[in-house]
Participant: 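Here you go, one structure.
Ligands are counted one by one from 1 in listed order, and the atoms in each one are counted from 1 as well. These values consider heavy atoms only, across backbone and side chains, with no hydrogens, waters or symmetry-generated copies. Throughout, numbering of the chain's residues begins at 1 and tracks the sequence.
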Amino acid sequence: MDSVVSSSASRRISTISSHLLPPNLQMEMEDVGGLRRGNCRAKGAAPGFKVAILGAAGGIGQPLAMLMKMKPLVSVLHLYDVVNTPGVTADISHMDTGAVAQLEDALTGMDLVIIPAGVPRKPGMTRDDLFNINAGIVKTLCEAIAKCCPNAIVNLISNPVNSTVPIAAEVFKKAGTFDPKRLLGVTMLDVVRANTFVAEVLGLDPRDVDVPVVGGHAGVTILPLLSQVKPACSFTNKEIDYLTDRIQNGGTEVVEAKAGAGSATLSMAYAAVKFADACLRSLRGDAGVVECAFVASQVTELPFFASKVRLGRGGVEEIYPLGPLNEYERVGLDKAKKELAASIQKGVSFIRK
Ligand SMILES: NC(=O)C1=CN([C@@H]2O[C@H](COP(=O)(O)OP(=O)(O)OC[C@H]3O[C@@H](n4cnc5c(N)ncnc54)[C@H](O)[C@@H]3O)[C@@H](O)[C@H]2O)C=CC1
Ligand SMILES: O=C([O-])CC(=O)C(=O)O
């Protein structure tokens, strides 16, 4: 990724990297590059997958890096940001877990790339207000992925997800590397919130609740399917209004509570790790891994849509239909599709220009 992202940043990172890493690990790093996909081992690390986090020094990136360092399925963690990466990497690398954290901007050989790079919202902003800055960041990073690890699974977190995923797809198409199965917009936080808020209303443990959330990741495009909650249950109209509004505006609730200091970071890092772990388990070959994600889809007439997908060794192996919707959800779906269509088009046009 070096030349694509920033050659001066890259030079700085490699220099610091050679100071920070013990000589045996530096040798080991070269060995790791030559090992088989999904079967790499750095010195002192358990076998597992190679994961890169782009935007690793940010509000999401730091707790995400910490939590990924604790995952037994991760053997090597490459942390990359345009600022403060040496400190974060030095800090994380002292954790006595199996994975080896490396200050590395190299993407070559990565199995999974997680992207939380980009600016967050302040009160009064929509996610779409982030487009002008984040579109360019996502474009640059995806060009690097296309060049260095075209077969990696990509988990895209940067907002507005409804536009950044189409941007990533267009970049990959241009590079000739687009595989719709491997590009996933992370909408897991909507599911995490939905499970939490629904469990509160039902008086259940949130870990026992499963709420499908479909559509996209902004306002009315976030469509919780409360008629399909597991365990089977029913809600009053008032509860449906309350839950739908709270789930759709969960991000704004956090942005306002943080009062200018950013948006959700800790719950997002939790959700990102939950989703990344699902991707890694399915890469390992686990069967029956099903999560919601914003992907290239034929579930509706739109080219991208979030719904339940079954993950496998190749990424998204099956996209499930929405299932039976009630009238409330059908109205919500129409609204969601209208906004989504415009956001997707905006992303596509940014690259096709
Ligand atoms: N998908 C979702 O559910 C959610 C998405 N988000 C989005 O995640 C993004 C990050 O949020 P935070 O971590 O709170 O922001 P932050 O500002 O704390 O961190 C972002 C990091 O990205 C880095 N960065 C910027 N350009 C970069 C580049 N070209 N290469 C590598 N790193 C780069 C920055 O240096 C910074 O460290 C925002 O766009 C936010 O809206 C936030 C919460 C939930
Ligand atoms: O609301 C935001 O800007 C961040 C985000 O996507 C979320 O928390 O769901």
Side-chain angles (χ1 to χ4, degrees), residues 1-2 4-6 8-10 13 52-65 78-89 104-105 107 113-145 154-165 167-168 184-194 196 213 215-219 221-222 246-258 260-276 292-294 306 343:
M1 147 160 84
D2 333 26
V4 181
V5 171
S6 147
S8 65
S10 144
I13 282 171
I53 301 178
L54 313 183
I60 295 168
Q62 292 200 34
L64 173 59
H78 281 190
L79 304 181
Y80 174 74
D81 201 303
V82 287
V83 292
N84 299 335
T85 333
V88 174
T89 310
E104 260 293 338
D105 59 352
L107 281 170
V113 181
I114 312 176
I115 313 182
V119 290
R121 283 200 282 164
K122 290 193 184 322
M125 292 170 81
T126 65
R127 290 178 181 83
D128 185 60
D129 291 334
L130 306 172
F131 186 98
N132 287 346
I133 298 178
N134 290 353
I137 293 174
V138 168
K139 174 176 179 276
T140 307
L141 295 175
C142 288
E143 283 167 352
I145 292 168
V154 176
N155 288 180
L156 189 44
I157 295 172
S158 317
N159 270 318
V161 168
N162 294 352
S163 302
T164 53
V165 170
I167 288 173
L184 299 100
V186 180
T187 57
M188 187 67 150
L189 183 53
D190 302 313
V191 174
V192 162
R193 285 180 177 134
T196 305
V213 184
H217 180 67
T221 72
I222 300 169
R246 184 131 191 242
I247 295 162
Q248 290 184 332
N249 295 303
T252 306
E253 182 180 323
V254 178
V255 168
E256 281 167 4
K258 291 200 173 180
S263 56
T265 52
L266 304 174
S267 52
M268 182 59 236
Y270 165 80
V273 170
K274 209 174 167 187
F275 189 70
C292 290
F294 185 66
S343 304

Participant: Counting only heavy atoms, which portion of Ile60 has something under 4.0 Å from ligand 1: side chain, backbone, both, or neither?
Facilitator: both

Participant: Find all atoms of ligand 2 within a distance of less than 4.0 Å from any non-hydrogen atom belonging to Arg121, and give their numbers and elements.
Facilitator: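 Going through ligand 2 atom by atom, the ones under 4.0 Å from Arg121 are 1 (O), 2 (C), 3 (O).
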
Participant: If I apply the N/O under 3.5 Å rule, does Gly118 come out as touching ligand 1?
Facilitator: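 Gly118 vs ligand 1: N/O contact under 3.5 Å present.
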
Participant: Find out whether Phe131 and Ile167 are in side-chain contact, i.e. whether some heavy atom of one side chain is under 4.5 Å from a heavy atom of the other.
Facilitator: yes

Participant: Just let me know how Asp190 lines up against ligand 1, side chain, backbone, both or neither, with a heavy-atom cut-off below 4.0 Å.
Facilitator: neither

Participant: I'd like to know whether ligand 2 has Met125 as a neighbour, heavy-atom separation below 4.0 Å.
Facilitator: no

Participant: So, does Ser158 use its side chain to make a donor-acceptor pair with the main chain of Ala117 at under 3.5 Å?
Facilitator: yes

Participant: Only heavy atoms count here, so choose which of Leu54, Leu141, Thr265 is nearest to atom 14 (O) of ligand 1.
Facilitator: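 Heavy atom nearest to atom 14 (O) of ligand 1 belongs to Thr265.
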
Participant: Below 4.0 Å from any atom of ligand 1, is there a heavy atom belonging to Ala57?
Facilitator: yes

Participant: Could you list which atoms of ligand 1 come closer than 4.0 Å to a heavy atom of Ala264?
Facilitator: 42 (C), 43 (C)

Participant: Among Asn162, Leu184, Val186, whose side-chain contact (heavy atoms from CB on, under 4.5 Å) with Phe294 holds?
Facilitator: Asn162

Participant: Please could you name the atoms of ligand 1 that Gly55 approaches to less than 4.0 Å, counting only its heavy atoms?
Facilitator: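 Listed by number with element: 22 (O), 31 (C), 32 (N).
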
Participant: Do ligand 1 and Ser158 have nitrogen or oxygen atoms that lie under 3.5 Å from each other?
Facilitator: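 No, since none of the N or O atoms of Ser158 sits under 3.5 Å from an N or O of ligand 1.
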
Participant: Within the 4.5 Å heavy-atom criterion, are Ile114 and Ile157 side-chain neighbours or not?
Facilitator: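 Touching, per the 4.5 Å side-chain cut-off.
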
Participant: Ignoring hydrogens and angles, tell me if any N or O in the side chain of Ser163 forms a donor-acceptor pair with the backbone of Ser343 under 3.5 Å.
Facilitator: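 Such a contact is found between Ser163 side chain and Ser343 backbone.
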
Participant: Using a 4.0 Å cut-off to any heavy atom of His217, which atoms of ligand 2 qualify?
Facilitator: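 Those qualifying, in numeric order: 5 (C), 6 (O), 7 (C), 9 (O).
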
Participant: Would you say Ala117 has any N or O atom under 3.5 Å from an N or O of ligand 1, going by distance alone?
Facilitator: no

Participant: Test your reading of the structure: does Tyr80 have an N or O sitting under 3.5 Å from an N or O of ligand 1?
Facilitator: no

Participant: Check whether any side-chain heavy atom of Ile115 lies under 4.5 Å from a side-chain heavy atom of Ile137, and answer yes or no.
Facilitator: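 The answer is no; the side chains never approach within 4.5 Å.
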
Participant: Backbone or side chain, does any N or O of Val119 fall under 3.5 Å from an N or O of ligand 1?
Facilitator: yes

Participant: Tell me the closest heavy-atom pair linking Val255 and Lys122, and the distance in Å.
Facilitator: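 Minimum heavy-atom separation between Val255 and Lys122: CG1-C, 3.5 Å.
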
Participant: Looking at ligand 2, is there an atom of it that comes within less than 4.0 Å of some heavy atom belonging to Leu189?
Facilitator: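 Checking ligand 2 against Leu189, which is what was asked, there is a heavy-atom contact under 4.0 Å.
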
Participant: Answer with yes or no whether Met268 contacts ligand 2, where contact means a heavy atom under 4.0 Å from a ligand atom.
Facilitator: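 For ligand 2, residue contact (heavy atoms, under 4.0 Å) with Met268 is absent.
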
Participant: If I take atom CZ from residue Phe275 and atom OG1 from residue Thr187, how far apart are they, to the nearest 0.5 angstrom?
Facilitator: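 Interatomic distance, Phe275 CZ to Thr187 OG1, rounded to 0.5 Å: 7.0 Å.
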
Participant: Please list the nearest protein heavy atom to atom 8 (O) of ligand 2 with its residue and the distance rounded to 0.1 Å.
Facilitator: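 Going atom by atom, the protein heavy atom closest to atom 8 (O) of ligand 2 ends up being Arg193 NH2, 2.7 Å.
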
Participant: Do we see a donor-acceptor contact under 3.5 Å between the side chains of Thr252 and Arg121?
Facilitator: yes

Participant: Do the side chains of Asn159 and Thr164 get nearer than 4.5 Å, heavy atoms only?
Facilitator: no

Participant: Is Pro116 close to Leu64 at the side-chain level, that is, under 4.5 Å between some pair of heavy atoms?
Facilitator: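 The answer is yes; the side chains approach within 4.5 Å.
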
Participant: Would you say the side chain of Arg193 lies within less than 4.5 Å of the side chain of Val254, judging by non-hydrogen atoms?
Facilitator: yes

Participant: Report the part of Met188 in contact with ligand 2, treating N, CA, C, O as backbone and CB onward as side chain, heavy atoms under 4.0 Å; options are side chain, backbone, both, neither.
Facilitator: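 Met188 to ligand 2: no contact under 4.0 Å from either part.
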
Participant: Number the atoms of ligand 2 from 1 as they appear, then name those within less than 4.0 Å of a heavy atom of Gly251, with their elements.
Facilitator: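 What qualifies from ligand 2 is 1 (O), 7 (C), 8 (O), 9 (O).
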
Participant: Applying a 4.0 Å heavy-atom criterion (strictly less than), which segment of Val161 is in contact with ligand 2: side chain, backbone, both, or neither?
Facilitator: neither

Participant: Go through ligand 1 atom by atom and flag the ones less than 4.0 Å from a non-hydrogen atom of Val83.
Facilitator: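 So the answer, numbered in order with elements, is 35 (O).
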
Participant: Considering distance alone, does some N or O of Leu156 sit under 3.5 Å from an N or O of ligand 1?
Facilitator: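 N/O-N/O distance below 3.5 Å does not exist for this pair.
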
Participant: Passes side-chain contact (heavy atoms from CB on, under 4.5 Å), Val88 versus Asp81? Steps please.
Facilitator: CA-CA 10 Å; Val88 174; Asp81 201 303; over 6 Å; no

Participant: Any N/O of Met268 closer than 3.5 Å to an N/O of ligand 1?
Facilitator: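 In this structure, Met268 places no N or O atom under 3.5 Å from an N or O of ligand 1.
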
Participant: Using a 4.0 Å heavy-atom threshold (strictly under), name the region of Arg127 that reaches ligand 1: side chain, backbone, both or neither.
Facilitator: neither

Participant: If you round to the nearest 0.5 Å, how far is CG of Leu130 from OG of Ser263?
Facilitator: 8.0 Å

Participant: So for atom NZ, which belongs to Lys258, do other residues, nucleotides or ligands contribute more than 12 heavy atoms lying within a distance under 6.0 Å?
Facilitator: yes

Participant: I need the atoms of ligand 1 closer than 4.0 Å to a non-hydrogen atom of Leu130, numbered in the order shown.
Facilitator: 41 (O)

Participant: Hey, which atoms in ligand 1 end up nearer than 4.0 Å to a heavy atom of Asn134?
Facilitator: 39 (O)

Participant: Within ligand 2, which atoms have a heavy atom of Ala264 less than 4.0 Å away?
Facilitator: 8 (O)

Participant: Find out whether Ile53 and His78 are in side-chain contact, i.e. whether some heavy atom of one side chain is under 4.5 Å from a heavy atom of the other.
Facilitator: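 Not touching, per the 4.5 Å side-chain cut-off.
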
Participant: For ligand 1, which is the ligand I care about here, please tell me if Asp81 has any N or O atom under 3.5 Å from one of the ligand's N or O atoms.
Facilitator: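 There is such a contact, yes.
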
Participant: Look at atom 40 (C) of ligand 1 and find which of Ile157, Val165, Asn159, Val186 reaches it with the closest heavy atom.
Facilitator: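 The nearest heavy atom belongs to Asn159.
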
Participant: Under 4.0 Å from a heavy atom of Val161: which atoms of ligand 1 are those, numbered in the order shown and with their elements?
Facilitator: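 Contacts of ligand 1 toward Val161, numbered from 1: 1 (N).
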
Participant: What's the spacing between Thr140 OG1 and Leu54 CG if we round to 0.5 Å?
Facilitator: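 Result: 11.5 Å between the selected atoms.
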
Participant: With atoms numbered from 1 as shown, which atoms in ligand 1 lie under 4.0 angstrom from a non-hydrogen atom of Gly59?
Facilitator: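 Numbered from 1, ligand 1 contributes 13 (O), 16 (P), 18 (O), 19 (O).
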
Participant: Checking the N or O distance criterion of under 3.5 Å, is ligand 2 in contact with Asp190?
Facilitator: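 So ligand 2 has no N or O lying under 3.5 Å from an N or O of Asp190.
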
Participant: Can you tell if the side chain of Ile222 reaches within under 4.5 Å of the side chain of Ile247, non-hydrogen atoms only?
Facilitator: yes

